[in-house]
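Here's the structure, in structure tokens; my notes come after.
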Amino acid sequence: DTHYQPVLTYAQYDNRGNPLESISRNGIKTSYIWGYNLTYPIAQAINSDSSSIAYSSFEEDSKGKWTYSGSVTPDATSPTGKNCYNLSGGNITKSGLTSGTYIVSYWGKSGSATVNSGSPTRTGRSFGNWTYYEHEVTGTSVTISGSIYIDEVRLYPKGALMTTYTYSPLIGMTSQCDLNNRIIYYQYDYFNRLSLIRDQDYNVLKKICYNYAGNPEDCGVLFYNIEKSGNFTRNNCSSGYTGSTVTYTVADSTYSSSVSQAYADSLAQADVNANGQAYANSHGTCTYVCDSTSC
């Protein structure tokens, strides 16, 4: 019937029926990457086909179309999610691209990486030890190398627009990084209900209050700590033994404050400082150290 015209066509699906690529009436392609065992969309790229994008925040096993062999590293300061990747453990690569110009973007800890033997073409904002970098590359493959920690690693054609997401499975989205790399954080209460929405500087944008019918609740802004952690080395081993290093973590939302975000975070950091060493002495291991004469 000529009265009906297609508005959106889905061109590709994965083996679970998730759409991988759609085409609008005006011919613009939108592509998707699915993660967390193909249950959540982790990236959306407008004006790109599905074979020309890749993304990972190192939160789950799919790798987001990147290839790497190293292990992820827990890091409470990571820009998105709770993990990052140490490039010293191996390069991150992507091959089989259509020849063209691509953008590789990421957040680097204490420095930038090398992409296809080149330096960043753009340096963005910083927070803590993390800085945003972009590289413009050409060719059919990408290799990211170096010795830094890296997070929120994106690949898309120049001219495309990518938005990415991280999740806490069975709870909800924990972060959204938009096409300008502005991050929004989503925080949940003890009943796994969305309670706070924060901007990239952890300022509260919205607070959601819940109550039973007829029972008023004070919906004043309450600040909850972000996750804090520290590495501690066991120091109570017997002579001739070396203690292992363990990580003591205070989960987000453990402490709250009506004063400020900084104060809530300081309470969590104080917990790390006060209890980290005792945790290492209790949970760390002791390894016997010997040389050729004492073994």
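Note that the coordinates shown come from a computational prediction; the quantities given were computed from them, not determined experimentally.
- Around the CG atom of Leu205, the shell of radius 6.0 Å holds more than 12 heavy atoms that belong to other residues, nucleotides or ligands.
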- [ ] Please assess Val272 against Phe232 for the test side chain to side chain contact (heavy atoms under 4.5 Å, CB included), listing each intermediate value before the final yes or no.
- [x] CA-CA 10 Å; Val272 172; Phe232 298 86; 3.9 Å; yes

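- Not a single donor-acceptor pair under 3.5 Å links the side chain of Tyr55 to the backbone N or O of Gln44.
- Side chains of Ser168 and Thr174: a donor-acceptor N/O pair is absent below 3.5 angstrom, by distance only.
- Classified by interplanar angle (parallel below 30°, tilted 30° to 60°, perpendicular above 60°), the ring pair Tyr202/Tyr185 is parallel.
- Looking only at distances, a side-chain donor or acceptor of Gln277 sits under 3.5 Å from a matching main-chain atom of Thr233.
- Ring pair Phe58/Trp66: centre-to-centre distance not below 6.0 Å.
- Looking only at distances, a side-chain donor or acceptor of Tyr85 sits under 3.5 Å from a matching main-chain atom of Gly70.
- Here the side chain of Ser244 pairs no donor or acceptor atom with the backbone of Gly284 at under 3.5 angstrom.
- Within a 6.0 Å sphere centred on OH of Tyr263, heavy atoms belonging to other residues, nucleotides or ligands number 12 at most.
- When each of Leu20, Asp14, Ile42, Asn18 is paired with Ile33, the side-chain contact (heavy atoms from CB on, under 4.5 Å) condition holds for Ile42 and for no other.
- Atom CG in Leu196 sits 11.5 Å away from atom NZ in Lys206 (nearest 0.5 Å).
- Neither side chain, Thr140 nor Ser99, offers a donor N or O lying under 3.5 Å from an acceptor on the other.
- Distance alone, capped at 3.5 Å, is enough to place a donor-acceptor pair between the Asn225 side chain and the Ala251 backbone.
- Ser31 contributes a side-chain N or O that, together with a main-chain N or O of Ser48, makes up a donor-acceptor pair within less than 3.5 Å.
- Using modelled atom types and a 3.5 Å distance limit, the side chains of Gln187 and Ser253 yield a donor-acceptor pair.
- No hydrogens or angles considered: nothing links the side chains of Thr166 and Ser57 as a donor-acceptor pair under 3.5 Å.
- Judged by distance alone, the side chains of Asn47 and Tyr156 never bring a donor and an acceptor atom under 3.5 Å apart.
- Under the 3.5 Å distance criterion, with hydrogens and angles disregarded, no donor-acceptor pair is assigned to the side chains of Tyr149 and Asp75.
- Checking Ser50 against Gln12 by side-chain atom types alone, a donor-acceptor pair falls below 3.5 Å.
- Under a 3.5 Å cut-off, the side chain of Tyr255 and the backbone N or O of Phe223 do not form any donor-acceptor pair.
- Other residues, nucleotides and ligands place more than 12 heavy atoms under 6.0 Å from the CG atom of Asn235.
- Under 3.5 Å, the side chains of Ser24 and Asn26 contain a donor-acceptor pair of N or O atoms.
- To the nearest 0.5 Å, atoms CD1 (Ile46) and OG1 (Thr163) are separated by 6.5 Å.
- Defined by atom type and a distance below 3.5 Å, a donor-acceptor pair is present between the side-chain atoms of Ser126 and Thr131.
- Taking the six-membered ring where the residue is Trp, Tyr167 and Tyr40 present parallel rings, their angle staying beneath 30° rather than reaching 60°.
- At a cut-off of 3.5 Å, with distance as the only test, a side-chain donor of Ser51 or Asp49 sits close to an acceptor on the other residue.
- Inspection of the Asp265 and Gln261 side chains reveals an N or O donor paired with an N or O acceptor under 3.5 Å.
- For the pair Asn116 (side chain) and Ser141 (backbone), a donor-acceptor distance under 3.5 Å is present.
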